[in-house]
A.B. asks: 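One structure, pasted below without further comment.
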Amino acid sequence: MKILIVCLGNICRSPLAEGILKHKLGDGHTIDSAGTIAYHQGSQPDHRSVKTAFKNGIDISDQKSRPITSQDLDEFDLIFCMDKNNYRDVLQMANEVQKPKIRLILDANREVPDPYFGRIDDFDEVFSLLDESCEIIAKKIQNHTI
Ligand code: 4NP
């Protein structure tokens, strides 16, 4: 499957989710991430995300921020967004065929809070939320129920 994970800047939350989901799934799937803004294009993930991932045995330091494109909406099977703003922005780029591919990454309409202006503890909280949701997503992909 081809999974795209989206946040605002593609430097804090979605690089973490990309790293976690790749770690859980191994090879055989395409997992990528992107931002709804191009402001950080070409940048490494935020050092706090790199550190939080590393603490949990995952290296995300090779990733580079990029903005989502309309081609992504064709190319990827599922697009997971961190919060309702990302979800709305991606939905606005999509046609009727593409819209059902777009989801919030957490269940029950919950959002992954933006940790950019926060503290290192906020990154731990984001990691924990993403680890939980990526575990569910990875199981569904492996069982072909997504
Ligand atoms: P992210 O966090 O969407 O999780 O990558 C942010 C990164 C950058 C900004 C905001 C949130 N920013 O305002 O530049």
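Please read these numbers as outputs of a predicted model, since none were measured by experiment. Numbering of ligands and ligand atoms starts at 1, following listing order.
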A.B. asks: What are the atoms of ligand 1, with element, lying closer than 4.0 Å to any heavy atom of Cys12?
C.D. replies: 1 (P), 2 (O), 4 (O), 5 (O)
A.B. asks: Classify the contact between Leu8 and ligand 1 as side chain, backbone, both or neither, using a heavy-atom distance cut-off of under 4.0 Å.
C.D. replies: both
A.B. asks: Atom 12 (N) of ligand 1: which protein heavy atom is closest, and how many Å away?
C.D. replies: Tyr116 CE2, 3.5 Å
A.B. asks: Mind checking whether Lys101 and Asp77 have side chains closer than 4.5 Å, heavy atoms only?
C.D. replies: no
A.B. asks: Are Lys2 and Asp32 ion-paired here, with the side-chain N under 4.0 Å from a carboxylate O?
C.D. replies: no
A.B. asks: Pro115 and Arg48: which non-hydrogen atoms are nearest, and at how many Å?
C.D. replies: O-NH1, 4.1 Å
A.B. asks: Using a 4.0 Å heavy-atom threshold (strictly under), name the region of Asn10 that reaches ligand 1: side chain, backbone, both or neither.
C.D. replies: backbone
A.B. asks: When you measure from the heavy atoms of His40 to every atom of ligand 1, does any distance fall below 4.0 Å?
C.D. replies: yes
A.B. asks: Any nitrogen or oxygen of Ile37, main chain or side chain, under 3.5 Å from a nitrogen or oxygen of ligand 1?
C.D. replies: no
A.B. asks: Can you find a heavy atom in the side chain of Asp72 that is under 4.5 Å from one in the side chain of Val90?
C.D. replies: no
A.B. asks: For ligand 1, which atoms sit closer than 4.0 Å to a heavy atom of Asp114?
C.D. replies: 2 (O), 6 (C), 10 (C), 11 (C)
A.B. asks: Per the side chain to side chain contact (heavy atoms under 4.5 Å, CB included) rule, which among Ile60, Asp131, Ile5, Ile31 passes with Ile20?
C.D. replies: Asp131
A.B. asks: Closest approach of Ser61 and Pro45, non-hydrogen atoms and distance?
C.D. replies: O-CD, 4.4 Å
A.B. asks: Using distance alone, determine whether Phe117 and ligand 1 share an N or O pair under 3.5 Å.
C.D. replies: no
A.B. asks: Is there side-chain contact between Leu78 and Arg103, with heavy atoms separated by less than 4.5 Å?
C.D. replies: yes
A.B. asks: Should Cys7 be counted as touching ligand 1, given the test is an N or O pair under 3.5 Å?
C.D. replies: no
